[in-house]
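Report on one structure; see the data block that follows.
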Amino acid sequence: MAGIGCGAVWLGGFVRDSITKKCEAALGNIIDGLDDDKDGRVNIDTFVHFMASHDIIIDPYEVQEMQNLADEKGELGKNALKTFAKHSWFWNDLDHQAEDIFRESNKAAVAFNAMDINDDGYVTKSEFGQAIKGLSETQIKGIFNKYDESFDGKLT
């Protein structure tokens, strides 16, 4: 159903609570996906950049408020970030895209988990090559050169 938003009271059999849960689930997936080191904290700049890549622009005042709450590394705990987002101006923008973001993040998680053969939270070049047959070593190196941000031979 296109156009379902978190702020809707009733749309085609959905009640507001069930739609809000999808928004919260999408936000949870976003935050979990951005927590690269799985320490329960997310970098504010990374979060703002991700949201902007989905046409959700966070007001500079709200960015500053998040940074004021963040630790010295510019990170905010997952629960604090979720609570902040639910009470922010950008929540309405998120609610309009929650279903698409949720679906996209679930697909990415399923694909990543399928490639992470040993369940260590990383995909190595070897695991990537085993999961996606038919790629040459050169192609795999090219993919890792583009997406391995820490250049440690692992995708997260």
Tell me whether Ile132 shares a hydrophobic cluster with Ile117, the cluster being built from Ile, Leu, Val, Met, Phe, Trp, Tyr side chains joined at under 4.5 Å. no

Is Leu81 reachable from Ile57 through a run of I, L, V, M, F, W or Y residues, each pair having side-chain heavy atoms under 4.5 Å apart? no

For a quick test of your reading: what N or O donor-acceptor pairs under 3.5 Å do the side chains of residues 44-51 make, sequence neighbours left out?
unit_1 : atom_1 : unit_2 : atom_2 : d
Asp45  : OD1    : Gln67  : NE2    : 3.4
Thr46  : OG1    : Asn43  : OD1    : 3.4

Heavy-atom check, side chain of Leu135 versus side chain of Ile143, under 4.5 Å: yes

Partner set under side-chain hydrogen bond (donor to acceptor under 3.5 Å, both in side chains) for Thr83, not counting sequence neighbours: none

Do Leu69 and Val42 land in one hydrophobic cluster if side-chain heavy atoms of ILVMFWY residues count as linked below 4.5 Å? yes

Residues which pass side-chain contact (heavy atoms from CB on, under 4.5 Å) with Asp37, listed by chain and number, not counting sequence neighbours: Asp35, Asp39

I need the full list of salt bridge (Lys or Arg N to Asp or Glu O under 4.0 Å) pairs touching residues 123-146, with sequence neighbours left out, sorted by first then second residue. Glu137-Lys141

In this structure, CH2 of Trp89 is separated from CD1 of Ile58 (nearest 0.5 Å) by 14.5 Å

Check: Met115 and Gln130 side chains under 4.5 Å, non-hydrogen atoms: no

Could I get the full list of side-chain contact (heavy atoms from CB on, under 4.5 Å) partners for Tyr61, not counting sequence neighbours? Asp59, Glu65

So, the side chain of Asp116 versus the backbone of Val123: is there a donor-acceptor pair under 3.5 Å, distance only? no

How long is the straight-line distance from CG of Leu76 back to CE of Met66, given to the nearest 0.5 Å? 8.0 Å

Check Leu27 against Ala85 and note the closest heavy-atom contact, atom names and distance. CD2-CB, 3.6 Å

For Asp32, the salt bridge (Lys or Arg N to Asp or Glu O under 4.0 Å) test, sequence neighbours excluded, returns Lys78

Set of ring-ring contact (aromatic ring centres under 6.0 Å, His included) partners for Phe144, sequence neighbours left out: Phe128

Sequence neighbours excluded, which residues qualify as side-chain contact (heavy atoms from CB on, under 4.5 Å) partners of Lys73? Asp71, Glu75

Distance from Lys82 atom NZ to Ile30 atom CD1, nearest 0.5 Å? 11.0 Å

With sequence neighbours left out, the residues meeting side-chain contact (heavy atoms from CB on, under 4.5 Å) with Thr138 are Ser136

